[in-house]
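Heavy-atom basis, side chains included; hydrogens, waters and symmetry copies ignored. Chain A is the first sequence line, chain B the second, and so forth, proteins listed ahead of strands; every chain is numbered from 1.
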Amino acid sequence: MNRLFTLNKYFKRNKGRLSLGVLFILISDFTQVFIPLMLKDSIDALQANASSDLIIRYAIIIFALAVVSGFFRYMIRQTIIVVSRKIEFDLRQDFWTHLLKLSHRYFQNTSTGNIMAHATNDIAAVRMYVGPAVMYSIDTAIKFLIVITIMLSINPTLTAIILLPLPILSFFVYKLSKKIHKKFTLIQETFSDITTMAQENFSGIRIIKSYVREAFEIEKFAKESSEYRKRNMDKIKIQAFFMPLLFLITGTSIILLILIGGNMVIDNQLTLGDIAAFLFFLGMLIWPTIAFGWVANIVQQADASLKRLHTIYDEKIEVKESKETDKSIEEIEGSIKFEKVSFKYGDELPDILTNVTLEIPKGSTLAIVGHTGVGKTSMINLVSRLFDVTSGNIFIDGKNIKSIPLNVLRKNIGMVPQETFLFSDTLENNILYGVENKNKELLNKVANISQLDKDVNQFSEKYNTVLGERGITLSGGQKQRTSIARALAINPKILILDDSFSAVDTKTEEEILIKLKEFMKDRTSIIISHRISTVKDADNIIVLDNGVIAEQGKHNELIDVGGIYYDIHYKQLLEDELQREG
Amino acid sequence: MSCNVRGSGGNNSAKSQNPDDEILGKAYDSKLMKRLLSYVKPYKKYVVAAIFVNIVVAALGAIRPYLTKIAIDDYIVNSNYDGLVTISAILFGTLIFQAIAQYFLTYYTQLMGQNIIYDLRVKLFAHVQKLALKYFDKTPIGRIVTRVTNDVESLNELFASGIVMIFSDIFIIIWILIFMFAMEWELTLVSLSVLPFLIYATFLFRRKVRESYRDVRFQLARLNSYMQEHITGMSIIQLFSKEKKEKTNFAEINDAHKIANINSIFYFAVFFPIVEMLSSGAVALIIWYGGGNVIQGTMTIGVLFAFIQYTEMFFRPIRDLSEKYNIMQTAMASSERIFKLLDNDTIIENPTSPKAINNFTGNVDFKNVWFAYNKEEYVLKDISFSVNTGETVAIVGATGAGKSSIINLLNRFYDVNKGSILVDGIDIRDISKEDLRNHISIVLQDVFLFSGTIASNINLGDSSITEEQIINASKTVGAHGFISKLPEKYNAVVKEKGATLSVGQKQLISFARALAFNPQILILDEATSSVDTETEILIQKAIEKLLKGRTSIVIAHRLSTIQNSDKIIVLHKGEIKEVGTHQQLLSKKGIYFKLYQLQYKDQEVK
């Protein structure tokens, strides 16, 4: 349980409010125990034939005590539970801040759903601990202490006898809720199976209908639903014990009170008022007794959740700034040099790049071609430091890339990743994502270069058009062009286009390339493409194969080499001939 | 290329929430209730038994304070040791009996609830299977899933706890009132005078809490969708160095969530203390009024004890009433949505007396077919063509030319607006859908794999397709090679949407599937996604085998496919513009020639 102590820093931040909360619990509990005592006095007075004035006074006091206690109950929630929500805020904020720091590799290896499960379930479990569990523990402890002390002062023997069944209740609550929790997890699993099954069925309804598999699907679904019913009943079998046990144990306490207490009254060792007070005290202790078993479970679950959260917190931050980082670097010019760069995704995995040495002078254009999986994307990911090299060095402006502050490096690289990701926000916010100040002129400029402006003019909301689920769905080409505009908008010294025209038609691509030429005049650019037409005008073209630069040179030079590049080009020529023949 | 625009981020708006899902109306609607109760009918015996046991359990609970009164007045005050032991034994007896009865009551009512839910869920799912594609076009899948899962689930609460608990609460209240009035009717009225306040507080609380919970749910959804989206797009955040900004953005959303929660705390913080105060108020009233009577000697002290216990017992059911109300309300809203789906009749009906197709040869005729998804917006205009037995026809055209509509019609996913489609000379509307589809296999552009094994994805759970047939089909399309290299071979588990297989492998599996069903007619919508050269060769070979000797209609994206087809139909804006072979059409230098340049020319270049 040591892990739970790591949460103490969150409690400490809210020390003031928390101690106030504890004070309120004390006051509330203390006032509350006077109610049974007043009841005792009034019943004893009744038996002694007291005046009705006195009885009325007792009645008023009882109500007044309830009002005071109730007010402080209100204050307890307003302090302790509010604190738990504040801590939840801090927990989430810390979680998110940490995620922002984690490296690309982590997100490649971990599914979003997995991270989301931590963000929702585990944080919720920890909050249950810092909020309700802590409140009830303190409340329970204080209440037990005060109530039992008073009960003992009235009659120790009777107290011992009637409280005897209560620990049994705590024990059962603990055991049962633990079992129920386990069964509940099983139910959740089946429920998510049912959901997946339905989701899959409805998504694949065309296949199901065209292969006439409806009856089979219904049977499959019925089977899973039946399993779900069975698992629910497994839980209910245990859960159904809960109420009867509660009756049985608290009821036994009350019967013991009447039997033993009654005997004591007959023997004049106790008054009827004492029995009334004890009856009330028992009522006050029942909920804390249940809470005791319940809290024990919450603590265990919180601990397990915290353990899972810590696996994320302990995740190594791979790409980060270090001692090498030279904070004085604020600008970069854009010349890039690879020096014997090797890269692999893991110790046991094969090299993706082996000893790659390459120079990309400032303001030049480098094109990378090669088959799928030869390491083109890996190579450019090293430049923006989504990954770090396994061995060798990359220099920008002659400085080791690791000495350049990360944000300086990345703010100067306009990256258009192979997989387009846009936020479900307005077009404007997407295009100007990397820009601090909103700037219409810039927006129009980059949208024009990426040939997005004509499309946007057809949207009724223009640049305020919202993308994604709530807004419109862009075509693949429009998405890619938005992604290009986003990269241009940060006015980068280095522009990287990773197969960024794959969904753009050839004519539009040509127009974009012409406009880009002007934009790229003093900038360095790296273009990955499958189309020869895209790369043929580059200052330097490299052909990657098996992790090494197989060919290098200008278009004409590479044609003369007669290697891979020539092959690709030759096929294109064949196509042309074929067309002419047709 | 895969593009991701997911989740919902920054700006919130209530309109984003599906209006259907947030309607909370009446807590009781007799029409809906009647229909819901029709699902209870098969379990009538349970209900009768449950009500009977409920009455007994409630009585056993309610009798104990009365027995306490007897213990005090008759035995303790009169110093009767033996009587005290006897009554304690009786008390204990009622306790044991109540506990046992309560256990079985809970168990069997929950079992009934689970059974009803099961029936309803399967019925709903089966109904969705019957719905036409038109319904799926218009309805987001997530919404249909919610109907079958969460909506049905919220009815579970109604059947399993709601209805039964309401009954048991009513019986408890009735029994308590009987005992109280039997003992002291005046004191009963006095002590119950706090009830109106309790009921008022309860309903006010219910309303307020519901409102604030709605806000909490909204903020939580916003928080989660922000995280979901931004985790997916984390590399963009990092590449553009926007970590600080996204931290602030998150803090803002996180804060709104916190505030919504803190607001909802207020109502709980007020309500529960008020209930406690009212409860103590009732005790004070009993002491004041009952105490007066005791002094005057018109009432015994045991009655005070009993009444104090009765008021406690009375409070719980009423305090929980608001919860019951919410259960009812949610259940009504859910059942309304469920019934709406069950009543949906977007179904393509089978003919009343379908014609059987015997010795099917696979001849297809489109005769002057007109078709529109929406009224009068025709996507197919006067389409006529025929495919002879064993022929391959390729349909080409730009996006939106109406290619997919042709296959949708042949399979009777939709019905034509005008004209007719004949197979072997019979109008497809005169054949049962199942019979028709059993003779047609379809391979869609986006390969759809179900979770399960590779084998179950090929035979789709049809046990009449043997393992041998599965393997043969896979061998024919060239999928056997990579499947047999998997450690589990044909029993290898296919993860969600086939994430573990490559695009090309998935395509080969879908070919094997089509082949395993050995159809007379094959419809192939070729995938456009690029694969490596090796796989491309495999796929081309597979397609050749697939089409051989079979009536086939192909929406072609491969040069090799169109070159091998018997006939190419060029579709343009819903009309057939050109028909002929590859060479014929190329030399025509018409639309096909342009299409060829645009779509097919570059594809061999990788």
Side-chain angles (χ1 to χ4, degrees), chain A residues 42 46 52 55 59 62-63 66 70 73-74 77 81 85 89 92 96 100 107 112 115 195 198-199 202 204 207 210-214 216 218 221-222 225 229 232 236 240 244 247-248 251 255 258-259 262 265-266 407 410-411 415 420-425 434 467-468 470 479 502 571-572 582, chain B residues 1 3-5 8-10 16 71 76 79 84 88 91 95 99 102-103 106-107 110 114 118 121-122 125-126 129 141 144-145 148-149 231-234 236 239-241 243 250 254 258 261-262 265 269 273 276-277 280-281 284 287-288 291-292 294 411 434 437 442 448 460-461 532 586 605:
Chain A
S42 58
L46 278 176
S52 54
I55 301 298
I62 286 175
F63 188 65
R73 287 268 120 195
Y74 164 80
R77 281 206 156 81
I81 302 288
R85 291 296 176 182
F89 173 90
R92 282 189 201 279
W96 181 240
L100 286 170
F107 294 99
T112 306
I115 304 174
T195 310
Q199 172 97 38
F202 303 154
I207 292 293
S210 53
Y211 287 90
V212 200
R213 302 306 300 151
E214 292 97 329
F216 170 76
I218 293 168
F221 185 79
S225 299
R229 172 177 58 185
N232 264 300
I236 287 158
F247 287 152
L248 210 56
I255 293 168
I258 289 175
L259 179 66
V265 173
I266 296 173
N407 68 329
R410 287 179 178 166
K411 279 193 166 164
M415 172 82 123
T420 308
F421 179 89
L422 301 175
F423 293 100
S424 38
D425 202 337
L467 310 184
R470 275 203 236 107
K479 282 180 194 166
S502 60
K571 276 185 192 156
Q572 224 172 20
Chain B
M1 198 207 74
C3 294
N4 282 313
V5 178
S8 47
S16 73
I76 297 178
S79 303
L84 189 56
S88 298
L91 273 168
L95 199 59
Q102 178 73 52
Y103 181 87
T106 313
Y107 182 82
Q110 293 272 3
Q114 289 294 329
Y118 170 85
R121 180 172 278 141
V122 174
F125 185 82
Q129 300 299 299
I141 281 170
I144 320 175
V145 173
V148 180
T149 53
I231 290 170
T232 317
M234 186 58 83
I236 295 297
L239 282 171
F240 285 84
S241 295
E243 290 95 334
F250 182 73
N254 196 3
K258 180 185 78 185
N261 269 306
I262 289 178
I265 293 171
E276 277 179 48
M277 280 185 220
S280 299
I287 299 277
W288 163 67
V294 172
N411 213 6
E434 292 73 24
R437 288 173 188 165
I442 183 164
F448 193 90
L460 292 176
D532 58 88
L586 272 187
V605 184

Need one label for Ser42(A): side chain, backbone, both or neither, based on atoms under 4.5 Å from any heavy atom in chain B.
side chain

For Phe107(A), is it the side chain, the backbone, both or neither that has a heavy atom under 4.5 Å from a heavy atom of chain B?
side chain

Measuring from [X]:[atom1] to [Y]:[atom2], what's the distance to the nearest 0.5 Å?
X         : Y         : atom1 : atom2 : answer
Phe125(B) : Glu214(A) : CZ    : CD    : 10.0 Å
Ser225(A) : Asn232(A) : OG    : CG    : 11.0 Å
Ile81(A)  : Ile265(B) : CD1   : CD1   : 6.0 Å
Phe421(A) : Lys479(A) : CZ    : NZ    : 10.5 Å

Side chain, backbone, both or neither of [X] within contact of chain A (heavy atoms, under 4.5 Å):
X         : result
Asn254(B) : both
Met277(B) : both
Tyr103(B) : both
Ala126(B) : both

Counting heavy-atom pairs under 4.5 Å with chain A, which one of Leu95(B), Ile287(B), Ile144(B), Val122(B) comes out on top?
Leu95(B)

Heavy-atom pairs under 4.5 Å with chain A are the metric here; pick the option from Val294(B), Val148(B), Ile236(B), Asn411(B) that has the most.
Ile236(B)

State, yes or no, whether a side-chain contact exists between Phe221(A) and Arg121(B) at a heavy-atom distance under 4.5 Å.
yes

Under the 3.5 angstrom rule, does the side chain of Tyr211(A) hit a backbone N or O of Ile442(B) as a donor-acceptor pair?
yes

Atom CH2 of Trp288(B) with >12 non-hydrogen neighbours under 6.0 angstrom
no

Under the 6.0 Å and 45° cation-pi test, does Arg213(A) pair with Phe216(A)?
yes

Heavy-atom pairs under 4.5 Å with chain B - which of [options] has more of them than the others?
options                                   : answer
Arg77(A), Arg73(A), Met415(A), Arg229(A)  : Arg229(A)
Ile115(A), Ile62(A), Ile218(A), Thr195(A) : Ile218(A)
Val265(A), Asn407(A), Leu259(A)           : Leu259(A)

